[in-house]
Amino acid sequence: DRQGFAHFMLKEIYEQPDVVRQCLAAYLKPGWDSDQDASLSSNPFNLALPDELFATVSEIQLVACGTSRHASLVAQYWFEQLAGIPTRVRSASEFVSAPFPLARNTLTIAVTQSGETADTLAAIAAAKRRSSPAESSLQSWLLGITNQSESSLTKAVDYTLPTLAGTEVGVAATKTFMAQLVVFCCLALEFAFRRQALSPQQLAPTIAALRSLPDQIETTLQHQHEPIQTIAQTFANVKDCIVLGRGINHAIALEGALKLKETTYIHAEGYAGGEFMHGPIALLDATVPVIAIAPAGSVYDSMLANTEKAKANGAPLIGITTVTEPADRTVFAHPLTVPAIDELLSPFLTVVPLQLLAYTIAVQRGLDVDRPRNITKTLTR
Ligand code: BG6
């Protein structure tokens with residue numbers, strides 16, 4: 001039931017505030033941040049994973065495909081930058097033939113909305129074989145993150161963290177990506193807390209920011225409607241589009257480009273802002289719009305420098321920026337603003353305009369947005 005929405009994809013985009021609420025209700029203990037003195041030294045998370053896992057893991061490897069791989073790339077940033085744990089991400093299909101060198105106390109996390117993607121299951125089977133008794137000195141842990149708590153994945157792993165997004169019908173993943181981010185963020189923060197990479201006092205504002213996310217996603221959704229209609233009309237017929245991001249939003253640039261490819265069939269490329277300058281910038285002209293993900297934060301200035309170069313090459317500029325940076329309006333012909341947010345949490349908001357833009361352009365082009373050509377929701381073979 002689309003509940004009055006024209007398509008499942010749009011309904012699922014609008015369900016994201018509730019999905020975040022549900023995941024936080026499951027994984028964050030209530031009241032931790034309000035009862036300062038009594039509880040700040042206690043663990044605010046509810047992930048139900050063994051203490052030994054948190055104590056012993058020295059490396060994390062993430063295997064996934066498509067949108068789930070992009071959530072893993074955001075998570076890599078959190079595991080490394082918040083918890084200080086070396087983390088690698090590999091496409092599940094590549095992991096099978098070229099696994100990472102196995103290190104002691106590795107946590108392998110397989111991420112799949114469906115729990116049935118063949119390559120991801122093959123990757124987890126390969127990881128399992130390698131941690132067989134013959135190599136048992138290399139203790140390893142297998143964790144699944146999935147939206148299907150009864151799936152082939154859950155049978156294959158030691159532990160599962162469900163993403164609690166409800167059924168996703170649209171082929172282009174939206175709300176399950178959002179739920180994967182919530183689960184990953186809680187996991188990275190629990191590692192950071194237990195390993196004292198973050199003190200309770202440092203953690204408190206981040207937990208408060210997580211609790212504000214549903215409202216902030218709602219605000220983001222409200223702000224996009226009008227400007228996105230205009231952008232979709234202006235760029236409905238382009239053939240190519242570039243999405244740039246830096247730092248944690250590099251992964252969101254990849255995800256935004258994937259959403260555009262899947263639903264609009266526009267050739268969209270996601271790039272790290274800096275890397276784009278090393279050659280691909282030659283692609284730009286007035287027919288190739290550039291979407292720059294430039295929320296306030298440490299990479300803001302370098303993102304603006306990228307966009308100015310893009311502008312000098314004649315590219316029309318769409319900017320995803322924070323409301324607190326009014327100067328952006330002059331740089332970007334088409335600003336899309338998100339509420340002010342800590343840079344590390346910004347992917348929760350910056351992805352939303354990209355989802356809506358892909359959806360709106362697909363509708364504008366008259367395409368079957370819930371069932372794009374040539375792709376299936378779950379690739380089981
Ligand atoms: C693809 C879908 O085939 O599978 C993508 O078209 C999806 O949208 C990918 O991201 C991975 O799916 P899952 O279920 O493993 O997350």
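Residue numbers start at 1 and run along the sequence shown. Both counts, for ligands and for their atoms, begin at 1 and track the order of listing.
- Comment: Glu150 does not engage Lys155 in a salt bridge, judged by the lack of any side-chain N to carboxylate O separation of less than 4.0 angstrom.
- Distance from atom 16 (O) of ligand 1 to its nearest protein heavy atom, with residue and atom name: Ser68 OG, 2.6 Å.
- Using a 4.0 Å cut-off between a side-chain N of Lys or Arg and a carboxylate O of Asp or Glu, Asp1 and Lys11 do not qualify as a salt bridge.
- Under 4.0 Å is where a charged nitrogen must lie from a carboxylate oxygen, and between Lys175 and Glu15 at least one such pair does.
- Taking every heavy atom of Val171 and a limit of under 4.0 angstrom, the matching atoms of ligand 1 come to 8 (O).
- In this structure, Phe5 has its ring center closer than 6.0 angstrom to the ring center of Tyr14.
- Between Tyr359 and His7, the ring centre distance stays below 6.0 Å.
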Considering only distance and modelled atom types, tabulate donor-acceptor pairs under 3.5 Å from the side chains of residues 310-319, sequence neighbours left out.
residue : atom : partner : partner atom : Å
Lys311  : NZ   : Val331  : O            : 3.3
Asn313  : ND2  : Lys309  : O            : 2.7

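- Ring-centre distance between Tyr77 and His250: not below the 6.0 Å cut-off.
- A cation-pi arrangement is not found for Arg195 relative to Phe54, the charged atom failing to lie both closer than 6.0 Å to the ring centre and inside a 45° cone about the ring normal.
- The protein heavy-atom contact nearest to atom 14 (O) of ligand 1 is Ser114 OG, 2.7 Å.
- Nearest-residue assignment for atom 13 (P) of ligand 1 (options Thr117, Thr67, Ile375; heavy-atom criterion): Thr117.
- With a 4.0 Å cut-off on non-hydrogen atoms, Thr378 does not touch ligand 1 at all.
- Within the set Lys377, Lys259, His70, the minimum heavy-atom distance to atom 4 (O) of ligand 1 is found for Lys377.
- Note on ligand 1: Ala172 sits outside its first shell, no heavy atom being nearer than 4.0 Å.
- Cys65 O, 3.5 Å is the protein heavy atom nearest to atom 11 (C) of ligand 1.
- Protein heavy atom nearest atom 3 (O) of ligand 1, with residue, atom name and distance: Thr376 O, 3.4 Å.
- Residue Glu262 places a heavy atom less than 4.0 Å from ligand 1.
- Polar contact check, Gln113 against ligand 1: a nitrogen or oxygen pair lies under 3.5 Å apart.
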